[in-house]
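Okay, so here's the structure we're looking at.
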Amino acid sequence: MISEHKTAEVSLEHLIRIFTVPEGPDSTLTEIEEKLSQNLNRFLREHIAAEEKPLIDIEKDFAKATIPESPEFVSQHTQHLLDKLVAHSVHTSSPSFVGHMTSALPYFLMPLSKIMIALNQNLVKIETSKAFTPLERQVLGMLHRLIYSQEDSFYARWMHSANHSLGAFCSGGTIANITALWVARNNALRAKNEFTGVEKEGLYKAMKYYGYEGLAILVSERGHYSLKKAADVLGIGQEGLVSVATDTNNRICPIALQEKIAQLKNNNIMPFAVVGVAGTTETGNIDPLDEVAKICLQEGCHFHVDAAWGGATLMSNNYRGLLKGIELADSVTIDAHKQLYIPMGAGMVLFKNPNAMKSIEHHAQYILRKGSKDLGSHTLEGSRSGMAMLVYAAMHIISRPGYELLIDQSIEKAQYFASMIENQPDFELISHPELCLLTYRYIPESVCNALLVASNERKAELNDHLNQLTMFIQKKQREAGKSFVSRTRLNPEKWNKLDTIVFRVVLANPLTNHEVLHLVLEEQRRIAQQAPRLMNSIEQLCNDILAS
Ligand SMILES: *Cc1c(COP(=O)(O)O)cnc(C)c1O
């Protein structure tokens, strides 16, 4: 036992110990390690506090801006982390945490990630990664094939080619999207005659040379906010991200897309890329990718598909048809840290053409030499961990049919939940699940009748009240800590496109069962009764509507 007051000392001998000697078998760290690998869910249940501590109080635990002058013992510090950090973390792997795309992980990834961290390979260059480089190239090849289904000979020729690249591994969908649009921008403003390319001369000279007055990227109004960041860092400006109208199912309208492109071209603005969304973040809907591809081909735009979340659906032969047309994309983003059940920090962008990434190639003398197989010459990021190893392991251990089962059960569970909601007299399904994501809200029974006869003005008033109620329920439910759904704002046709706050549910966790879903609704119904003033004013409003 280490007494509270015993302090570690600063000495080279001690420092060398922390690099060489593992913690003893009775240490807090070893204990945590054992419990984690025995029963992760129990460990998290025991250590994550069920009741929410206000953020302002948590901030007090992290208030000091000084670097400690005296060292702590590892075990002592581990206990501190348990109390202050783990206790107030979010139980993302809980079966009733159904609000976000971050869910449970398979156990085997824990010991395997230790290997990854212990080896500490740096994928930026082959000198610090060796076998990890061909492994990462193979992972990119596997995902490329999942999308584009090329022949064996294609992969034999390009997968490990020093001067080519099937894509880039990165920290997530944001960087993947930026990379795709970076490639598209540089290809659109490529070297020609005396102009040496936007990557050399910059945007101002590129625009002057090509005679454009602006650049644009088009995406549906349901596009992810990372695309705005991309437009910003690529010098196109956030206003250069042009949003296109969607239909009632949150899918881009091809006619509206074509009109926007024509409009931009008339104004001498170059629409160099169109982004199709395969699994919108808010509703999980998929754009008509084949139709968008046709327009891009006609107009000479780069066609990027943001399948950060929905791309994993390609693993299922039963549902991959939902993404038909994705194989026509010039580039595709897939996040392994979403539906491929890999820990945070695993994104990928794949390019149909192995030459596409040449337009962003960078070389440096001491590393990234021309003709080397260094992955860093085609990535936005520099030093990078060996995360690809976890994707590689999961694809072998789970296998394609295993992922198919995971994807299928999640979609079918969402369909079950949708019909369950539709069968409740006091819940309203807002968006039907196309993948495993749906939105809905609580709506007291009295509202339904009033709705049918309400004037537009009254409808808006009623909707306002319901929005407040949805926010109240979502917040209370999160604070109670038993279950978690997220919320977002939509503009459903049924509600005259009024701003409508809805619950958003993502059913990726294989441990979430029907019972859990029943309990989520029951809890929400119960919480609604904790807002009597709001419920009363809703009822009053409904009575007024029905009386008039
Ligand atoms: C999650 C997501 C992103 C962003 O990915 P990060 O990994 O969070 O950077 C981009 N697009 C879509 C459609 C997403 O769902």
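Here, residue 1 is the first one in the sequence, and each next residue gets the next number. These numbers come from a predicted model, not from an experiment. Below, all heavy atoms of this structure are taken into account, side chains as well, without hydrogens, waters or symmetry copies. Whatever order the structure lists ligands and atoms in, that order sets their numbers, starting from 1.
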For ligand 1, list every N/O pair with the protein closer than 3.5 Å, one pair per line with the distance.
from     : atom 1 : to     : atom 2 : distance (Å)
ligand 1 : 5 (O)  : Gly173 : N      : 3.3
ligand 1 : 5 (O)  : Asp335 : OD2    : 3.1
ligand 1 : 7 (O)  : Gly173 : N      : 2.8
ligand 1 : 7 (O)  : Asp335 : OD2    : 2.7
ligand 1 : 7 (O)  : His337 : NE2    : 2.8
ligand 1 : 9 (O)  : Gly173 : N      : 3.3
ligand 1 : 9 (O)  : Thr174 : N      : 2.8
ligand 1 : 9 (O)  : Thr174 : OG1    : 2.6
ligand 1 : 11 (N) : Asp306 : OD1    : 3.1
ligand 1 : 11 (N) : Asp306 : OD2    : 2.6
ligand 1 : 15 (O) : Thr281 : OG1    : 3.3
ligand 1 : 15 (O) : Lys338 : NZ     : 2.9

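- Side chain of Glu327 to backbone of Gly325: a donor-acceptor contact under 3.5 angstrom is found.
- Using modelled atom types, one side-chain atom of His224 and one backbone atom of Ser226 make a donor-acceptor pair closer than 3.5 Å.
- Donor-acceptor pairing under 3.5 Å is recorded for the side chains of Gln298 and Gln258.
- Using a 3.5 Å distance cut-off with no hydrogens or angles, the side chains of His302 and Asn187 do not pair a donor with an acceptor.
- Remark: Arg441 qualifies as a cation-pi partner of Trp495 under the 6.0 Å distance and 45° angle criteria applied to the six-membered ring.
- The side-chain hydrogen bond (donor to acceptor under 3.5 Å, both in side chains) check on Asn122 picks up Ser383, with sequence neighbours excluded.
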